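All chains are named by letter (A, B, ...) in the order of the sequence lines, taking the proteins before the strands, and each is independently numbered beginning at 1. Keep in mind that what you see is a predicted model, and the values were worked out from it rather than measured.
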There are 2 protein chains.
Amino acid sequence: MAEVNIKYLAEKLKLSPSTVSRALNDSYEISQPTKDRVIAMAKELNYQPNPFARSLREQKSKTIAVIIPERINNFFSQVIDGIEEITQEYGYHLLVYSTHENVETERKIVSYLLNGRVDAIVMSVSSQTKKIDHLETVYSKGVPLIFFDRICQEIPTTKFISNDYENGFKATVHLIEKGCKKIFFLMLSKEISIGRERFRGYQDALKKYGLPYEENWIVQCSQSEEENIKLIARILYGLDRPDGILASVEKLAIATYHAARETRLEMPKDFKMVSFSNMKIAGLLKPSLTTISQPAFEIGSEMAKLLMKKLTKPNQPAFENKVIQMPSQIDFRESSN
Amino acid sequence: MAEVNIKYLAEKLKLSPSTVSRALNDSYEISQPTKDRVIAMAKELNYQPNPFARSLREQKSKTIAVIIPERINNFFSQVIDGIEEITQEYGYHLLVYSTHENVETERKIVSYLLNGRVDAIVMSVSSQTKKIDHLETVYSKGVPLIFFDRICQEIPTTKFISNDYENGFKATVHLIEKGCKKIFFLMLSKEISIGRERFRGYQDALKKYGLPYEENWIVQCSQSEEENIKLIARILYGLDRPDGILASVEKLAIATYHAARETRLEMPKDFKMVSFSNMKIAGLLKPSLTTISQPAFEIGSEMAKLLMKKLTKPNQPAFENKVIQMPSQIDFRESSN
DNA sequence: CTTTGACCCGAAATCGTTTGCATCAAAATT
DNA sequence: AATTTTGATGCAAACGATTTCGGGTCAAAG
């Protein structure tokens, strides 16, 4: 493969490696004619600097890690698209990892990243994450860290979410106004902070309208689609079945569609549903699904902007400990009508 | 941040860096007691080897690039999941890039990867890719390269696809058997090899059943969803409108749903449709969509297995110039009934 | 005629690992 | 007893880029 490196360029040009390096980096110490010669030769030989030598020397990698709980989810794909939109301009690379909602995997991935392999980490924690010492380690090592969607409140850094509380509230009010009296709340796990916010909105809306809710209306689902369908079907078969459902994540809405089909119940006649979801084709479902969708792309690009500012400008402070809320959008469709 | 490195470990242990390195790499030249001491100390100080120093020295990065035309597509997400499943075990990292179906972006991304940043590239080319000199460069530089789905026939390496010809054929036959006489074929671009195979299957099926087809039944769509909807709607409004549609990619099927809605035509009454798609919720659409879905996860994991074999074992030959076909699955649903 | 400063360039150290070769004691062999 | 072998370790050179330091030239200024 005979890589062409700086030394080789220097030889060809009868210059020293340092001069070549400086010329390529447009140093003021090098005369214009020399620069031109060097650049021309570099182009001719198609010189590509070795990224590892550079990273080793400069102690930075121009690489960012993105850790998400699952890939097969439009929301996360859109967020990554948003991140890439910005980072690509700056020549940064993206290492993407999926934890598959598994804490152990999450811990392992994070541990790979503590050796300087990446300049920063952007992540959405797994739904099973309870102990957060691995995240504290990242923080204490000084690796810039940003959370989004599934955030970890305990770590004092910047977090991006959408106005989950507000939309949990609005969605519930919407169901109430459509006449629902028994509104169930489907969630993945108590551990997810995001679920909590959406849940608080739900609770407060019920309270405001003087509606009751019982413990078993809060349905804790699992990772298994099959089990979730069974669980929800059982609930729909039950005597105490809901006339309204608020699904805190997309996959639970999908499971509900399957469960409804199994139990031969029809939305919105037998029960109504609203779901948090960034599915593009919510409008093509049968029935079309009322969704609360997050500005995923913008969340990604905003995070990336913040990152790029910190990584490419000198003397930037650590990320502030704050939560940035981006507005979601509710699209009313048949499922809740 | 005071990174703990080998030199520091050596000092602490009163050993030379070389001994420490060898001990950590479990070299036969080092005595067991010394190894134990070194390993214990490394664990205590939480030593993490610097990946760049190692990559620089070893001339390999333990990183693989995955280049896809778009992220918001279940097929590609599943493929990446499949790749990760295997590579993670071997401690390999995944750099993921999206070209957004843009050749220029594709060229730029590829050029970033010619400097040893990655040990291999797995890619699905953009629909606009016509000139392939950038891919030839990758190949000639000796970077291991595997194509999937949108393959580039001209490069002599291993390619993974599903039995596109066969399924294009079967899907068309299915539509014919359901009574369709005017079957249109929706494609993204003539450049995509994959489209060609599917198209050949379509053509041959028509031929076999003695059905005609006209030039303008082959619809070339664009990247813009909006334009595609308009285009398809215009076709559906037309006098010469199809009674069957074979969509070669998922996004065109979605566009067709929107166009049908606009023109108030109903599937499968007014026309029937089959689409290549890995959408999980095809069964929940209105009407549910008959799909040909690829074994995406397996395509990913098979590619990764091949890669890992080449990268982790000594003296492996270059990838054979062959096309590996994985069987797709057809799920018949309402849209074509 | 010296000094100053602008300008151009090279030698060598550095980043953290790995590894070919040298070293040196103890054990084994002649 | 002298020599070879073995086993365990250290020295120093890579890998390829950046950067500190320092040297030299040449023209203008003092």
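The phosphate of C/dC9 has neither OP1 nor OP2 within less than 4.0 Å of any side-chain N or O from A/Arg22. Distances shown here put every side-chain N or O of A/Ser18 at or beyond 4.0 Å from the OP1 or OP2 atom of C/dG10. Between A/Tyr8 and D/dC15 there is no side-chain polar atom (N or O) within less than 4.0 angstrom of OP1 or OP2. Residue B/Ser21 places at least one side-chain N or O closer than 4.0 Å to OP1 or OP2 of C/dT18. One finds a side-chain N or O of B/Ser31 lying less than 4.0 angstrom from the OP1 or OP2 phosphate oxygen of D/dT9. Between A/Asn25 and D/dT18 there is a side-chain N or O to OP1 or OP2 distance below 4.0 Å. For B/Gln59 and D/dA14, the shortest distance from a side-chain N or O to OP1 or OP2 is not below 4.0 Å.
Counting atom types as modelled, B/Arg57 pairs no side-chain N or O with a base atom of D/dG16 as donor and acceptor under 3.5 Å. For D/dG16, its base never sits under 3.5 Å from the side chain of B/Arg117 at any donor and acceptor pair.
B/Thr34 comes within contact range of the sugar-phosphate backbone alone, with a heavy-atom separation under 4.0 Å but no base atom that close. Looking at heavy-atom distances under 4.0 Å, B/Lys14 makes contact with sugar-phosphate atoms alone, never a base.
Of the candidates D/dT18, D/dC11, C/dT17, C/dT17 carries the atom nearest the B/Pro49 side chain, counting heavy atoms from C-beta on. Which of C/dT18, D/dT9, C/dC9 sits closest to the side chain of A/Ile30 comes down to C/dC9. Listed candidates were C/dT17, D/dT9, C/dG20. Nearest to the side chain of B/Glu29 is D/dT9.
Ionic pairing of B/Lys141 and B/Glu136 is not present here: no N-O contact between side-chain nitrogen and carboxylate oxygen is shorter than 4.0 angstrom.
Within the 3.5 Å criterion, the main-chain N or O of A/Ser98 finds a donor-acceptor partner in the side chain of B/Glu84.
Annotation: A/Lys35, atom NZ; neighbour count of heavy atoms from other residues, nucleotides and ligands within 6.0 Å is above 12.
Between B/Thr19 and B/Leu56, the residue anchored closer to the 5' end of DNA chain D is B/Thr19, taking for each the nucleotide with the nearest heavy atom. With DNA chain D read from its 5' end, the first of the two nearest nucleotides for B/Tyr28 and A/Asn50 is the one closest to B/Tyr28.
Residues A/Ser140 and A/Thr137 bring no donor and acceptor atom of their side chains to less than 3.5 Å of each other. A/Asn102 and A/Gln128 form no side-chain donor-acceptor contact under 3.5 Å, judged by distance and modelled atom types alone.
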